[in-house]
Amino acid sequence: MSPLAVAMGRGAWARLGAGIRHHKMAAFGAGIVALMVLSALLAPWLAPHDPLEQDVLLRLAPPSAEFPLGNDSFGRDILARILWGGRVSLYVSTLSVLIAIFVGGALGILAGYIGGLFDRVLMAAMDVLLSFPTLVMGLLVVAMLGPTVGNLILAITLTAVAPFARIARAPTLTVKERDFVEAGRALGFSHLRIMVVHILPNVMDDILVMAALWLATAIRTEASLSFIGLGVRPPTASWGGMIREGFENILDAPWLAIFPSIAILVVMFGLNMLGDGLRDTSDPRLRHE
Amino acid sequence: MSKASQLPLAVDGLTTAFRVEGRWYDAIRDVSFSVARNETLALVGESGCGKSITALSIMGLVPKANGRITAGRVLLDGRDLVPLDETEMETIRGNAISMIFQEPMTSLNPVLSIGFQVAEALRYHTPLTGEAARARALALLEHVKIPSAARRFDDYPHQFSGGMRQRVMIAIALACSPQIILADEPTTALDVTIQAQVLALLAELKSETGMAMIFITHNLGVVASIADRVAVMYAGDLIEIAPVEELFEHPMHPYTEALLSSIPRVDRDAGDLKPIAGQVPPITAMPSGCRYADRCPLRVPRCATMPPLVGLAVDPNHQVRCWVRAADESVGA
Amino acid sequence: MLPYIVKRLLVAVPTLLAVLTVVFFFVRIAPGDPALIILGDQASPQALAAVRHELGLDQPMAVQYVDFMSMVLKGDLGTSLVTHRSVWGEVANVLPYTIELTLSALVIGVVIGLPLGVAAARHRNEALDYAARLFSLVGLSFPAFVSGIMLLLAFAIELHWFPVISEGRPGDPLSRVSALVLPAVNLGLIMVAYVMRVTRSSMLGVLGEDYIRTARSKGVPARVVIWRHALGNAMIPVVTVVGLYLGVLIGNSVLTEIVFNRPGLGKLIVNSLNQRDYTMLEGLMVIYAFFIVIANLLTDLTYGLVDPRVSQR
């Protein structure tokens, strides 16, 4: 890698680390996120009971010693379902955001680099996608293609691609004009090499900030669609689905709605803090706060 | 004392400090000068020497978050402005004392019409309201020679060129007939031809109203053409002040000397240009004595303490802040 | 200003037609056979053909397009496959509820968010600023249905201040208002968070501008500098954000209507999705298209009001 790109590329992750270390908000947020990721990954070992095991006698039971968060309308352990629901949220959100970063980022860099008609057409398409809020897109995709987890991921990815394309395009436009790119071309570097080695590192900063915020959006969308009944289908545990169940039984067993709500809240709060904190560290104007 | 009260502006020992990374540093110190009626005082020096800070301090516009006036008095017609609170200053700014800024492209509010922005000063400081204020504002715009002023009264800043916008700024500054106007490099951002027009306009308006003017610039050519007296600043200190011809013919302070010999002149070869060796010390590392000492060929041990600003024996109107030059009475004969 | 308005209106028309065209193709190029999806794969070929005929799917595309457009422009959105009532009729029934909810949320968002953002910018890094920023961060972390359920639990179920089912009795304006409060607050609070954040950051940028210094040097009182000189400029990005947020508002209002059991477009959407009511879905998408175009138009017009650089060329 060129020395300059090394300085810049290692920079993005290094800046991420520095940002988290220095900025209390980002650190706090990162901590919460890490906690959530860990608990989701370790769910099979952390969950005291089987999330799918029903027990009619324990229907809507309040929190007890054996079931610290109580039981749902099928007698299942709420704590276990929250842990396993976290896995679903993690899976859906991470996958969709990752795909959106790759596809959107690539499209954005290509559009900025190639320019001309390609750029205009691509950005127009992105604008069309951007006009669809995530939930509406989710509803549309589900309406047409059916309510599966795969379609859920597709819907979120479709809305997320456009913002990532835009923020990948902007630095590409500036970096493209820089002298070292011209020098690279003169030396015979291929376009691909220039894009990957020189432009990509400059784009990473903004993408990381966006990624944190979009993970929150993805989790929220998945939960919202599951709440409506068009997302993750029961009996698979999902936070949105659990809240729906809780909503249906809200007068009898409010804890059924409350605990998964707290889970979503905490995770989204952590991700928002992380994203905000990262954005503050990377925006020079706000650095003196 | 009575002489001071006749002066539109007298600045006495003004010191303003700024906070850098938690500690306070003097940006300007012990600045003293006065401006008489109908007089143009040029305030010159290189970028960062404290000219703008002096003007902002006089206006009370130093950003409060990180700056404050720590000593001195600013006497506007005998009245000290430094202890006044914001509400009291609001009645004075734009009224008895006005300021024009360097960047006409960004100094006007883009979402308000220029007529409104001119009339605003009138509405806050004079009994004029509504139609009367509008009429007077229109007269002002015509006075600063905005073409088709009546038609363009409700136009917005983005519809005017830089030179025109600066004229609007001048109209705003003059709206309430201030006693003194501070002009902070008003022509630096303009084309040379427009520059000449704006300078001529300022001179004309000044002589009409008899108001005093402080003209801040780093361009000695402009100084030569418009100033009555010149004050030279270096690294936050006022180091020399003299009538304009006197300064150009007999510069006393080593810095002024060096400055004048470093600018190209038609009657000298370029080979005679002598750049000044060394650099201005950063604000966080200012010496407590004479700040020019490090670069000065005349330096003596006494220069480690700050010299006072004293008039020359041969000409009390010519003041210099230098141990060596002030003591040398044979100079200037 | 007038030429600007006219220009915007003229642009809106082809935009509307374009979006309607997109809606038209959207339903027809979706993978799968609508008839099959509606009737299930046990249906007889005759039944399937009958449904396709009813949906007009057996006509050539061009004919379908003309039919579609003329129906829409006449205001006829077809008949619901489930209730067999006119789609427009169903929509008209619930539209007032949705409109009053959306408008209330907008008003709450701007009326509370704007001054809060201004105050936070003025008192930057002081207690008020931190509190406001924390509040907005929390507000953004609540999915609309979660905050709705919390509000429902607290204020309707526990405290009985508001009804649990937010429909209101016809002819009783007070009950309608009472039914509006919690849903509007739910939607509005999220908007407050958005508006406050963008107002704050926009104000911080504007307060450092040269023209603010000019205003102060004129002796303009501090209050006027903030509210007229600064906010006048700071509002411009806020208009953008509110315009962008309108789309999100729809999604959130769907969730809110479900939680508070409130009649509105949201319920219609969900029901028609669950019941595979294709005609209703298509009609709702047309409504959504109109909404998008009108919202964009209003945003553009507001720009023209707020920013003379846009309306006076």
Side-chain angles (χ1 to χ4, degrees), chain A residues 25 29 128 130-147 159 213 216-217 219-230 239-240 243-244 246-247 250-251 254 257-258 260-273 275-276 279 283 285-286 288-289, chain C residues 18-19 22 26-27 29-32 34 37 124-125 129 133-134 136-150 152-153 156-158 164 197 201 204-205 208 244-252 254-255 258-259 266 269-270 272-274 276 278 281 284-285 288 292 295-296:
Chain A
M25 216 167 61
V128 170
L130 270 176
S131 65
F132 285 93
T134 326
L135 193 62
V136 171
M137 176 66 85
L139 290 172
L140 285 173
V141 168
V142 156
M144 304 231 302
L145 301 173
T159 30
L213 298 171
T217 305
I219 292 181
R220 185 180 63 216
T221 309
E222 177 269 315
S224 303
L225 284 171
S226 303
F227 175 75
I228 297 179
L230 296 167
W239 291 342
I243 298 179
R244 176 196 179 86
F247 178 61
I250 195 140
L251 297 170
I258 292 179
S261 300
I262 295 180
I264 293 189
L265 264 175
V266 167
V267 167
M268 287 193 62
F269 190 66
L271 281 168
N272 278 329
M273 280 190 98
D276 258 14
R279 181 175 35 209
D283 182 349
R285 210 168 38 126
L286 297 174
H288 295 292
E289 292 220 343
Chain C
V19 182
V22 169
F26 199 80
V27 176
I29 63 172
I37 296 178
R124 179 182 185 172
N125 289 338
D129 185 21
R133 281 156 69 191
L134 189 67
S136 80
L137 204 57
V138 169
L140 290 175
S141 305
F142 270 91
F145 65 99
V146 171
S147 56
I149 292 183
M150 293 293 135
L152 190 71
L153 256 180
I157 295 181
E158 287 298 313
V164 173
R197 278 162 74 94
S201 70
L204 284 178
L244 287 177
Y245 185 73
L246 287 175
V248 181
L249 196 60
I250 302 180
N252 286 344
V254 168
L255 295 168
I258 295 176
V259 168
I269 292 173
V270 175
S272 59
L273 275 172
N274 279 325
R276 306 267 180 276
Y278 253 65
L281 265 180
L284 287 170
M285 282 172 68
Y288 180 65
I292 291 286
N296 280 335

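So that the names make sense, note that chain A is the first sequence line, chain B the second, and so on, each numbered from 1.
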Engaged part of [X] at the chain A interface, taking heavy atoms whose separation is under 4.5 Å:
{"X": "C:Y288", "value": "side chain"}
{"X": "C:V270", "value": "side chain"}
{"X": "C:L140", "value": "both"}
{"X": "C:L137", "value": "both"}
{"X": "C:L249", "value": "neither"}

Do the non-hydrogen side-chain atoms of [X] and [Y] ever get within less than 4.5 Å of each other?
{"X": "A:L135", "Y": "C:V248", "value": "no"}
{"X": "C:F145", "Y": "A:I228", "value": "no"}
{"X": "A:M137", "Y": "A:T221", "value": "no"}
{"X": "A:E222", "Y": "A:S226", "value": "yes"}

Given a strict heavy-atom distance threshold of 4.5 Å, which part of [X] is in contact with chain C: side chain, backbone, both, or neither?
{"X": "A:L271", "result": "neither"}
{"X": "A:I219", "result": "neither"}
{"X": "A:A223", "result": "both"}
{"X": "A:F227", "result": "side chain"}

**Request:** Give, for atom OG of C:S147 and atom CG of C:N252, the distance between the pair rounded to the nearest 0.5 Å.
**Result:** 7.5 Å
**Asked** Between A:A257, A:S261, A:S224, A:P254, which residue shows the highest count of heavy-atom pairs closer than 4.5 Å to chain C?
**Response** A:S224
**Message:** If I compare all heavy atoms of A:M273 with all of A:G29, which pair ends up nearest, and what's the gap?
**Reply:** CB-CA, 3.9 Å
**Request:** Please report the C-alpha distance between C:I149 and A:R244 in whole Å, then the side-chain angles of each, then the deciding distance to 0.1 Å, and finally whether the side-chain contact (heavy atoms from CB on, under 4.5 Å) criterion is met.
**Result:** CA-CA 10 Å; C:I149 292 183; A:R244 176 196 179 86; over 6 Å; no
